Structure formats: structure tokens, C-alpha cells
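Small disclaimer: the values here were computed from a predicted structure and weren't measured.
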There are 2 protein chains.
Amino acid sequence: MAARRAVEKELTQQMIIDVAHELFVEEGYQNVSMRKIAKSLGYSHGAIYYHFTSKADLFTAMVDQDFAMINKEIDKLDQLELSNKEKLRELLLGYIQFGVTYKNHYEVMFLIRDKEINSYDMESPIKSYQKFAAKIAEFTNNQLPVPVIWSVFLMLHGFVAQYCRTDQSFENIKSMADIHVDLILRSITKD
Amino acid sequence: MAARRAVEKELTQQMIIDVAHELFVEEGYQNVSMRKIAKSLGYSHGAIYYHFTSKADLFTAMVDQDFAMINKEIDKLDQLELSNKEKLRELLLGYIQFGVTYKNHYEVMFLIRDKEINSYDMESPIKSYQKFAAKIAEFTNNQLPVPVIWSVFLMLHGFVAQYCRTDQSFENIKSMADIHVDLILRSITKD
DNA sequence: CCTTTTTATTAACCACTGTTCAATTAAATC
DNA sequence: GATTTAATTGAACAGTGGTTAATAAAAAGG
């Protein structure tokens with residue numbers, strides 16, 4: 001009494017990750033069971049174990065993907081024809097836009113904490129941060145001390161961490177984001 | 001086949017809250033069972049239900065206490081003999097000190113999210129924020145627009161949210177906190 | 001001392017968990 | 001068309017969860 005679907009409906013790792021993503025954010029790691037994910041996909045829970053060896057495995061695969069995504073966003077800045085000052089603004093505002101637009105991604109990347117998962121090595125987040133920090137340094141002509149860059153990151157993080165947990169779209173909070181970024185820029189640029 | 005202890009060891013609501021606090025932060029709401037809390041106290045899990053009607057009840061009682069604590073800290077500032085500028089600095093640094101010193105409190109107040117608990121009405125956090133915002137307005141002679149005050153709060157929140165999840169003491173990160181507060185002050189004061 | 005009240009224990013209930021695995025079937029290969 | 005391989009199922013295992021109810025001991029009141 002088992003079965004296998006038509007090829008068009010075959011389960012993929014990406015399908016699982018996408019559904020798991022939404023659920024993990026809405027309900028937290030511990031409140032989402034493999035059965036729940038499977039049900040949401042319309043498959044049996046056993047099927048997921050064919051694609052991932054464990055729940056933690058699924059989670060880390062998901063998060064790694066998210067960090068790859070943020071890295072891409074940062075790299076996009078190089079294509080823009082702007083002054084350093086403008087690029088810096090884009091970077092900060094872009095960070096907020098990313099976090100508020102992909103709330104699910106941001107939440108799992110920075111906000112969810114779980115003992116079961118903290119064995120997950122911190123390589124991806126650290127690499128992403130370094131990329132971000134290097135860009136800030138570049139756009140400020142390497143005038144900024146390292147701790148100040150870290151401080152700037154934390155200011156952004158505070159904003160995103162808050163709005164991540166609301167239903168507001170980026171458009172909705174754009175004006176608030178502008179104020180926030182202006183304040184940050186004001187704090188690091190000498191008039 | 002039941003038993004009862006000597007009076008010196010009688011269980012109190014406060015004892016339960018204190019132990020639950022540590023556990024909730026270390027392991028998250030869903031990973032801490034009533035049995036675990038009881039075991040950590042050296043009592044049976046049934047005993048907790050004598051003092052709290054449910055797990056969620058215990059949690060909200062705990063959080064309400066935490067907000068009362070932060071309100072007290074804010075009120076303390078009135079006793080200080082300082083200029084507004086100095087008081088502002090104290091307020092911002094004090095916020096960080098509170099968050100980093102009472103990591104458990106901060107975590108449950110602002111960072112833990114759980115469907116089971118979000119029915120909890122937001123009265124306490126909102127009242128605390130308004131107290132905080134009013135003080136900022138006061139210390140800046142009501143020159144700051146409301147959204148800027150909110151922005152300042154988010155900058156602080158970003159810092160605390162991060163260090164909340166490390167083992168660093170406030171003393172340890174004091175210099176980083178100073179940098180952060182200086183940046184914030186720089187952003188809201190016209191030179 | 002006896003009764004009442006307060007507190008604590010324990011078993012029991014039922015729903016749910018991650019994970020494994022034999023059984024099964026559809027698709028792919030020959 | 002037969003065989004192999006890849007994908008899926010669902011039962012089973014061995015827990016854990018919150019909560020309740022029956023029960024018993026300590027403390028308080030008389």
C-alpha cells in the first residue's frame with residue numbers, strides 16, 4: 001500500500017526547503033515536525049528522509065542557501081555606477097530591504113536559536129558578515145575602525161530583527177528605513 | 001504514596017520563575033518542559049501546577065516581572081544629578097547594561113517568539129517602551145521626532161539582541177558598548 | 001489531639017516527536 | 001516486456017509533552 005507519484009510531481013530538496021522555510025519561521029524549529037512539513041507538501045513524512053538525513057540536516061541546508069542569497073545581493077553592488085557614498089547608502093538600505101523582504105530567510109539566519117542546531121558551524125554567517133564588513137570599509141575609503149563597522153551592522157540588525165516579525169512590506173516601512181539609514185550615515189560621516 | 005517536604009523547602013512562585021527563567025533562555029520555550037523545570041527544582045512536575053495554571057501562565061507571569069524590573073531601572077535615572085546630555089548617555093548605556101546583564105530577562109522579553117504565547121497581550125512591553133521613549137524625549141529637550149526615537153531604540157536593540165546570546169559580561173563588552181552609544185549620540189546631536 | 005487546609009507526589013491519559021525500515025510501486029534501463 | 005533502480009509509503013519504536021485526578025503528608029487552627 002505504497003506508491004510513487006508521476007514524475008512531474010516528484011519531490012525535490014528545493015520543494016522541501018521552501019515549505020520548511022515558511023513553517024520554521026511561522027512556528028519555530030521545535031514546533032515544526034517532519035510530519036507537518038510532509039503534510040504541507042502532500043507527502044508522507046518518510047519521503048523527507050529520502051532527501052535529507054535528519055531534521056537538523058534539512059535546517060542547515062536551508063540556512064546555507066539563505067546566506068548564499070545574501071552574498072549575491074552584496075555582490076550586485078559592484079555593477080552599480082555610483083559614488084562610494086551612494087553605494088554605502090545602497091548597501092545599508094539594501095540590507096534592510098533584504099531582511100524585510102525575505103523575512104523567513106532573515107529569521108532563520110539570525111533569529112532562531114536552538115540547542116539541537118547550534119552544533120551547526122558558523123562558517124556561512126561569518127563569511128557573509130565579512131563580505132558585508134569589507135564592503136563598508138571599501139565605501140568609506142578604509143577610514144572606519146573595525147568596531148565601528150560592527151556597530152553599524154548591529155544598528156541595521158536591530159531594525160530588521162524588529163520588522164522581521166511584523167507583516168509590513170518594505171514599501172510600507174521604506175520611510176522609516178530611510179530615517180534609520182540616515183541616522184547611521186550621520187553617525188559615521190564627519191560633516 | 002505521596003509525600004511533602006519540610007517547611008524550609010516549600011516551593012514558591014518566585015522559585016519556579018527563577019529556575020524557569022534560566023531554562024527558557026538556555027533552551028527556548030518549547031525545549032523546556034514542566035517536568036524539566038520541576039526536576040531542576042527538585043520537585044515533581046505536578047507541584048508547579050499548584051502554583052501556575054499552565055505553562056503559558058508561568059511564562060507570562062515571568063515576563064511581566066521582567067518589564068517591571070526595566071521600568072524601575074528607568075525611574076532610577078531621575079535621582080541622578082546630571083545634565084540632560086549625561087542622563088541621555090546613562091539611559092542608552094543603562095539599557096545595554098540591563099540587557100547584557102540580565103540576558104535571560106531580555107531574551108524572554110524581546111527575543112522568544114512562540115505561537116502558544118503570542119496571545120499574551122502586549123501591554124507590558126508597550127508601556128515600557130513608552131517610558132523609555134519619554135525619557136529620551138525629555139533628555140533631548142523634546143527636539144527629537146518620534147520616529148528618530150524609535151530608530152534609536154532599534155539601534156540599541158540590535159546591540160543587545162546580539163550580545164544577549166553570548167557569554168560575555170557587561171564589563172567585557174563595555175568598550176564596545178561605549179562605541180555603540182557614542183555613535184548613536186553622534187547621530188542625534190547636531191555638532 | 002483532631003480536623004481542615006495547604007502543598008506535593010504519582011500514575012495515568014492522550015497526543016505528538018524524530019527516526020527507521022520493510023513493503024510497495026512507478027519510472028528508467030535494458 | 002522484463003528487470004532494475006529510485007522514490008514513496010505507513011507501521012512501528014521509543015520516547016517526550018502538557019495536563020488532570022486521586023492521594024497523602026505537613027502545617028495551621030481549634
Side-chain angles (χ1 to χ4, degrees), chain A residues 1-21 23-24 26-63 108 112 114-120, chain B residues 1-21 23-24 26-62 108 112-120:
Chain A
M1 30 167 91
R4 189 181 154 164
R5 317 285 176 105
V7 112
E8 20 164 358
K9 295 181 180 178
E10 207 166 87
L11 193 56
T12 63
Q13 295 204 10
Q14 197 55 54
M15 283 164 66
I16 299 172
I17 286 179
D18 290 342
V19 165
H21 222 292
L23 292 175
F24 278 138
E26 273 170 36
E27 318 191 20
Y29 184 79
Q30 285 294 336
N31 291 310
V32 176
S33 62
M34 295 298 252
R35 283 170 175 83
K36 213 181 234 174
I37 296 169
K39 193 171 186 180
S40 183
L41 283 159
Y43 281 73
S44 74
H45 58 277
I48 299 180
Y49 284 90
Y50 184 79
H51 298 276
F52 295 98
T53 66
S54 70
K55 189 181 175 184
D57 179 37
L58 163 57
F59 186 86
T60 63
M62 181 181 93
V63 173
V108 297
I112 288 181
D114 200 292
K115 275 267 165 83
E116 240 173 89
I117 273 162
N118 276 0
S119 54
Y120 167 63
Chain B
M1 32 169 97
R4 197 187 145 155
R5 318 283 175 102
V7 104
E8 22 163 358
K9 294 181 180 180
E10 210 165 84
L11 192 56
T12 63
Q13 295 204 8
Q14 196 56 53
M15 283 163 67
I16 299 173
I17 285 178
D18 291 341
V19 165
H21 222 293
L23 293 176
F24 278 138
E26 273 170 36
E27 319 192 19
Y29 184 79
Q30 286 294 335
N31 292 309
V32 175
S33 62
M34 295 298 254
R35 284 170 172 85
K36 212 181 236 174
I37 296 169
K39 194 171 186 179
S40 183
L41 282 159
Y43 282 74
S44 71
H45 58 277
I48 298 180
Y49 283 92
Y50 182 79
H51 297 279
F52 295 97
T53 65
S54 71
K55 190 181 174 184
D57 179 38
L58 162 58
F59 187 86
T60 63
M62 183 181 91
V108 297
I112 289 181
R113 286 293 132 114
D114 199 290
K115 276 267 165 81
E116 243 174 87
I117 273 163
N118 275 359
S119 53
Y120 167 64

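Rounding to whole angstrom units, NE2 of residue A/His51 and C1' of D/dT9 are separated by 12 Å. As a whole-Å value, the separation of B/Ile48 CD1 from C/dT9 P is 10 Å. If you take OH of A/Tyr43 and P of C/dA26, they are 13 Å apart, rounded to a whole angstrom. Taking atom CG of B/Leu58 as the reference point, atom C1' of D/dG18 lies 13 Å away to the nearest angstrom. Per the geometry, CD belonging to A/Glu10 stands 12 Å off C1' belonging to D/dT5, to the nearest Å. As a whole-Å value, the separation of B/Gln13 CD from C/dA8 P is 11 Å. Summarising the geometry, the separation between CD on B/Gln30 and P on C/dC16 is reported as 13 Å, rounded to the nearest angstrom. A/Met15 has its CE atom 13 Å from the C1' atom of D/dT8, to the nearest Å.
Across D/dG18, C/dT19, D/dT9, the shortest atom-to-atom separation from the side chain of A/Ala47 is found for D/dT9.
Nearest-nucleotide mapping onto DNA chain D: of B/His45 and A/Arg35, the residue sitting toward the 5' end is A/Arg35.
Side-chain nitrogen and oxygen atoms of B/Ser44 include none within less than 4.0 Å of the OP1 or OP2 phosphate oxygen of C/dT10. Between A/Tyr50 and D/dT8 there is no side-chain polar atom (N or O) within less than 4.0 angstrom of OP1 or OP2. Contact check, A/Ser33 against C/dT17: a side-chain N or O comes under 4.0 Å of OP1 or OP2.
Classification of the B/Phe24-B/Tyr29 ring pair by plane angle, with boundaries at 30° and 60°, yields parallel.
Closest approach of A/Glu27 and A/Val32 over heavy atoms only: CB-CG2, 3.9 Å.
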